[in-house]
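Before any comments, here is the structure.
Letters A, B, ... mirror the listed sequences (proteins, then strands); counts begin at 1.
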Amino acid sequence: MMKQKVYVIVGPTASGKTAAAIELAKLINGEIISADSMQIYKKMNIGTAKPTLKEMQGIVHHMIDIVEPDDDFSVAMFQKMAKECIKEIFLRGKTPIVVGGTGLYINSITYLLDFTKTIHDEVLREKLNKMDNIQLHQLLKNADEQSAQRIHPNDKKRVIRRLEILQSGKTDSYDFDVPNTEHQFIISGLSTDRKLLYERINQRVDDMVQNGLIDEAKCVYNQYGGKITSMQAIGYKEIVGFFEDKISQEECIELIRRNTRRFAKRQLTWFCRDERINWINTTEFSNMKELAQSMIK
RNA sequence: GCCUCGGUAGCUCAGCCGGUAGAGCAAGGGACUGAAAAUCCCUGUGUCGGUGGUUCGACCCCACUCUGAGGCA
């Protein structure tokens, strides 16, 4: 039996994924599954560049606005829910289109990442977090020499996570790069000249501010404070500094621009590693429809 | 027209007595296994405005020249 096709669109922020996905959905009777770690949060619309109802043009979107800004969320939950979405979309006789810039979330669908055998232990994390980097890394070295070599002592988050995994009894190393062959994934990556991409990012930040980003951030900040995970999003965390009088509004906007540029670079690094991605230079297309057409095999 | 101060990395600037240069920011590269827009690692990219001169050797001294800012007329 022919495997079912799942379309995937990746790329750095501001590369045009949202519009391309909607255009593709219109062409192939698709539904969109957002793979974006920040668009899952309600009340954070402008800064996360969520598509508006109008932009969606009637295309069904999943995995957007699914939790409150102060709710816990993780890849594990994303994977479970997104895989459910894929199943249901097929049942409706439609085609899933996974689109997003969160590499880990994308990989949780297109690779065989298994999050069911390990746990998440908040108490342990807090305990370990009190130790210093060297101590912690030594602890890991004693338990798992290989991981200790791979993970830098300063990358505390990863050292702790690794110790947490060991704590849950799983000691075998699992492969990060075993492709998920359950479906036929057709993965397109949107690329643009770096300079042009940066110009678009700068422009988009300005647009976001014009559209009321600061008020939106203030709303979330007033309700939940600045320490929740969702407030770590670019475009929000910088504004916290502004609210707390640490920086001026101009400095804050410049910071958002810079951090978004750096983020785009990190996304590119992540996606460039995946050789299954078929890269499309967006500047070669005069309109979104043509671009979407080029993604269909 | 004269005087003063400047011209060194993408930007802002250091550079002691002459031994061909270094900080911050920006930038580039990479990692990534339940926070991932997070977290972390690595890297100086340069005709020192130009042309001559002095010198074994010039970013540094001298002359001329181009250029920017200010001052005096």
Counting the atoms with a prime plus P, OP1 and OP2 as sugar-phosphate, which does A:Asn259 contact under 4.0 Å by heavy atoms, base, sugar-phosphate, or nothing?
nothing
Using a heavy-atom distance cut-off of less than 4.0 Å, which residues of residues 61-85 of chain A contact RNA chain B?
A:Phe73, A:Ser74, A:Val75, A:Ala76
Determine whether A:Arg204 and A:Asp207 satisfy the following criterion, salt bridge (Lys or Arg N to Asp or Glu O under 4.0 Å), listing intermediate values before the conclusion.
CA-CA 5 Å; A:Arg204 190 160 82 159; A:Asp207 291 346; over 6 Å; no
Mind calculating the distance between CZ (A:Phe263) and P (B:A36) to the nearest angstrom?
11 Å
For B:G29, does either OP1 or OP2 sit under 4.0 Å from a side-chain N or O belonging to A:Arg266?
no
Cationic tip of A:Arg258 within the cone over A:Phe263's six-membered ring, i.e. under 6.0 Å and within 45° of the normal?
no
By nearest heavy atom, map A:Thr269 and A:Tyr41 onto RNA chain B; which one lands nearer the 5' end?
A:Thr269
A:Leu163 CG - B:G34 P separation (whole Å)
13 Å
Spell out yes or no: do the side chain of A:Arg261 and the base of B:A26 have one donor N/O and one acceptor N/O closer than 3.5 Å?
no
Rounding to an integer number of angstrom, what distance separates B:A14 and B:U54 when you compare their C1' atoms?
27 Å
Could you walk me through whether A:Lys26 and A:Glu31 pass the salt bridge (Lys or Arg N to Asp or Glu O under 4.0 Å) test, one step at a time?
CA-CA 9 Å; A:Lys26 290 199 285 192; A:Glu31 288 186 22; over 6 Å; no
What is the distance from CZ of A:Arg161 to P of B:A35, rounded to the nearest Å?
6 Å
When rounded to whole Å, the CD to P distance for the pair A:Glu254 and B:A26 reads 9 Å
How far does the C1' atom of B:G68 sit from the matching atom of B:G29, given to the nearest Å?
36 Å
For A:Ile228 and B:A38, what is the distance between atoms CD1 and P respectively, to the nearest whole Å?
15 Å
Please evaluate residues A:Glu68 and A:Lys42 with respect to the criterion salt bridge (Lys or Arg N to Asp or Glu O under 4.0 Å), reporting the C-alpha separation (whole Å), side-chain torsions for both, the decisive distance (0.1 Å), and the verdict.
CA-CA 5 Å; A:Glu68 294 297 324; A:Lys42 293 174 186 170; 3.5 Å; yes
Crowding at NZ, A:Lys43 (>12 non-hydrogen neighbours, <6.0 Å)
yes
Looking only at side-chain N and O atoms, does A:Lys156 come under 4.0 Å of OP1 or OP2 in B:C40?
no
Starting from the 5' end of RNA chain B, give me the residue, A:Gly101 or A:Leu255, whose nearest nucleotide shows up first.
A:Leu255
Whole-angstrom distance between B:G1 and B:A58, as gauged at atom P:
33 Å
Between B:C5 and B:U43 - C1' atom distance, rounded Å
36 Å
At less than 4.0 Å, is any side-chain N or O atom of A:Arg262 found next to OP1 or OP2 of B:C25? Yes or no.
no
Tell me which one of A:Glu250, A:Glu199, A:Glu251 satisfies salt bridge (charged side-chain N to carboxylate O under 4.0 Å, His left out) with A:Arg257.
A:Glu250
Ring pair (Phe, Tyr, Trp, His ring centres under 6.0 Å) partners for A:Phe185, two or more places apart
A:His183
Using atom P in both nucleotides, what's the gap between B:G28 and B:C3 to the nearest angstrom?
46 Å
Pairwise C1' distance, B:C13 and B:G50 [rounded to whole Å]
22 Å
Does a nitrogen or oxygen in the side chain of A:Asn154 sit under 4.0 Å from OP1 or OP2 of B:C40?
no
Shortest side-chain distance from A:Tyr105, nucleotide among B:A35, B:A36, B:C40:
B:A36
If the C1' atom of B:A26 is compared with that of B:G49, how far apart are they to the nearest Å?
23 Å
Evaluate A:Lys195 against A:Asp193 for salt bridge (Lys or Arg N to Asp or Glu O under 4.0 Å), listing each step before the verdict.
CA-CA 6 Å; A:Lys195 222 176 155 182; A:Asp193 169 69; over 6 Å; no
Stem ranges of RNA chain B by first residue number, counting only runs of at least 3 Watson-Crick or G-U pairs under 3.5 Å, come to B:1-7 with B:66-72, B:10-13 with B:22-25, B:27-31 with B:39-43, B:49-53 with B:61-65
From CG of A:Asn129 across to C1' of B:A38 the rounded distance in Å is 14 Å
Let's see if you can work this out: which of B:C25, B:G29, B:A36 has an atom nearest to the side-chain heavy atoms of A:Met38?
B:A36
Compare all side-chain heavy atoms of A:Val220 with those of A:Tyr41 and state whether any distance is below 4.5 angstrom.
no
Identify whether any heavy atom of A:Ser108 sits under 4.0 Å from a base atom; if not, whether one sits that close to sugar-phosphate; answer base, sugar-phosphate or nothing.
nothing
Below 4.0 angstrom from OP1 or OP2 of B:G30, is there any side-chain N or O of A:His152?
no
Any side-chain heavy atom of A:Met231 sitting closer than 4.5 Å to one from A:Val240?
yes
Looking only at the side chain of A:Glu164 (C-beta and beyond, no hydrogens), which of the listed nucleotides B:G34, B:A36, B:G29 gets closest?
B:G34
OP1 or OP2 of B:G10 under 4.0 Å from side-chain N/O of A:Tyr198
no
A:Leu91 CG: over 12 foreign heavy atoms closer than 6.0 Å
yes
Please give, in whole Å, the distance from B:A38 C1' to A:Met44 CE?
13 Å
For the P atoms, the ones on B:G46 and on B:U8, what distance do you get once it is rounded to whole angstrom?
15 Å
Record whether the side chain of A:Arg158 comes under 3.5 Å of the base of B:A35 through a donor-acceptor pair of N or O atoms.
no
With heavy atoms under 4.0 Å as the rule, sort A:Gly47 into base, sugar-phosphate or nothing.
base
Spacing of A:His120 atom NE2 relative to B:A35 atom C1', expressed in whole Å:
8 Å
A:Arg125 side-chain N/O to B:A35 phosphate OP1/OP2 under 4.0 Å
yes
Between A:Val75 and A:Tyr105, is the side-chain contact (heavy atoms from CB on, under 4.5 Å) condition met? List the steps.
CA-CA 6 Å; A:Val75 214; A:Tyr105 285 16; 3.6 Å; yes
